[in-house]
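In what follows, a single structure is set out as structure tokens and then discussed.
Treat the numbers as computed from the prediction; the structure is a model and nothing was measured.
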Amino acid sequence: MSKKKRHVFLNLLLAITLFVCAFAFTIHYKNWYSIKDGKLKILSGIYYRTIVLSKIDSVSFVKRIPEMERANGFSWLQREKGVFQDSLTNSKIYVFVDDLRQPKIRLLYNDSLTMFLNFNDSLVTQSVFKDLSEEVLSDLKLGD
């Protein structure tokens, strides 16, 4: 009986594919953020935004995000991520929502851009909201 040789190339391709899928799941699983050097950086998979904190016009909590058309992105269970189009104003809205059931932070920045975000943990969402609110208030005081 002859033994069949396994194809090294196919095994390597399978291993690479599994690694890429696991990596993609990991970076899409939650919102990764940092607030440093006067900038808010948020990453969720292939969606990445950097917002200069001095350009933020308002920060508020909302219970629901408005009806929008998806330009690109995805919805999965209680997650909503991507770039959406507002049907009334035809402007881009960036959505980084890990849990649709919890309140979301609504950021207005650069005079007309909107972003909605929250995290799996409501305490993290409240902490980010507090940090962003303090930054906006300190910029208003410095502007006077």
Side-chain angles (χ1 to χ4, degrees), residues 5-144:
K5 268 189 156 183
R6 293 192 183 249
H7 295 283
V8 175
F9 175 73
L10 292 178
N11 287 340
L12 185 61
L13 184 64
L14 179 65
I16 290 171
T17 303
L18 290 174
F19 175 76
V20 168
C21 289
F23 180 72
F25 176 76
T26 301
I27 62 174
H28 280 92
Y29 181 69
K30 71 177 201 169
N31 292 329
W32 307 88
Y33 79 98
S34 70
I35 300 175
K36 292 182 187 172
D37 303 325
K39 294 179 183 177
L40 167 67
K41 296 178 183 179
I42 186 156
L43 167 74
S44 183
I46 61 172
Y47 303 103
Y48 176 76
R49 296 296 300 165
T50 300
I51 299 172
V52 178
L53 296 178
S54 63
K55 302 269 183 175
I56 295 176
D57 299 322
S58 72
V59 180
S60 60
F61 263 126
V62 294
K63 289 195 179 240
R64 298 182 56 191
I65 57 177
E67 296 262 339
M68 302 175 281
E69 290 183 37
R70 182 178 305 136
N72 60 45
F74 67 94
S75 298
W76 174 59
L77 298 176
Q78 294 300 318
R79 293 176 184 1
E80 189 88 41
K81 311 228 175 158
V83 181
F84 290 75
Q85 207 69 20
D86 184 5
S87 56
L88 297 176
T89 62
N90 204 24
S91 62
K92 286 184 180 180
I93 298 175
Y94 298 92
V95 178
F96 297 94
V97 174
D98 277 344
D99 192 348
L100 285 169
R101 297 170 293 189
Q102 295 181 19
K104 294 115 194 106
I105 299 172
R106 179 177 181 242
L107 287 176
L108 291 174
Y109 62 100
N110 288 345
D111 293 332
S112 64
L113 296 175
T114 305
M115 176 189 291
F116 292 97
L117 72 125
N118 78 354
F119 304 93
N120 285 331
D121 187 357
S122 62
L123 296 175
V124 174
T125 303
Q126 290 172 0
S127 172
V128 170
F129 177 76
K130 181 181 170 220
D131 293 344
L132 292 174
S133 297
E134 288 173 357
E135 285 291 331
V136 169
L137 284 175
S138 69
D139 284 343
L140 286 175
K141 289 178 184 176
L142 291 175
D144 288 341

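- With rounding to the nearest 0.5 Å, the separation of CD1 in Ile51 from CE in Met115 is 3.5 Å.
- If you take CG on Leu113 and NZ on Lys92, they are separated by 9.0 Å, rounding to the nearest 0.5 Å.
- Of all heavy-atom pairs spanning Arg79 and Asn120, the tightest one is NH1-OD1, 3.5 Å.
- Atom OG1 of residue Thr17 and atom CG of residue Leu12 lie 9.0 Å apart, to the nearest 0.5 angstrom.
- Other residues, nucleotides and ligands place no more than 12 heavy atoms under 6.0 Å from the CG atom of Asp37.
- Taking the side chain as every heavy atom from C-beta outward, Ile65 and Leu100 approach each other to under 4.5 Å.
- With values rounded to the nearest 0.5 angstrom, Tyr94 atom OH is found 14.5 Å from Ser44 atom OG.
- Of all the heavy atoms in Ser133 and Val59, the pair that sits closest is OG-CG1, 4.1 Å.
- If you run side-chain contact (heavy atoms from CB on, under 4.5 Å) between Leu117 and each of Leu107, Val95, Thr125, Val97, only Leu107 comes through.
- In terms of heavy-atom proximity, Asp98 sits nearest to Lys30 at OD2-CA, 3.6 Å.
- A pairwise comparison of heavy atoms in Phe61 and Pro103 identifies CD2-CB, 3.8 Å as the closest pair.
- Side-chain contact between Asn31 and Lys81 is present, with at least one heavy-atom pair separated by less than 4.5 Å.
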Would Lys104 and Asp99 count as a salt bridge (Lys or Arg N to Asp or Glu O under 4.0 Å) if you check the C-alpha gap in whole Å, the side-chain angles of each, and the deciding distance to 0.1 Å?
CA-CA 9 Å; Lys104 294 115 194 106; Asp99 192 348; over 6 Å; no
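- Side-chain rings of Phe119 and Tyr33 approach one another, their centers coming within less than 6.0 Å.
- To the nearest 0.5 Å, atom CG of residue Leu40 and atom CG of residue Asp131 are 10.0 Å apart.
- With sequence neighbours excluded, the residues satisfying side chain to side chain contact (heavy atoms under 4.5 Å, CB included) with Ser75 are Arg70, Glu80.
- Note that CD1 of Ile105 is 11.5 Å distant from CZ of Phe116, once rounded to the nearest 0.5 Å.
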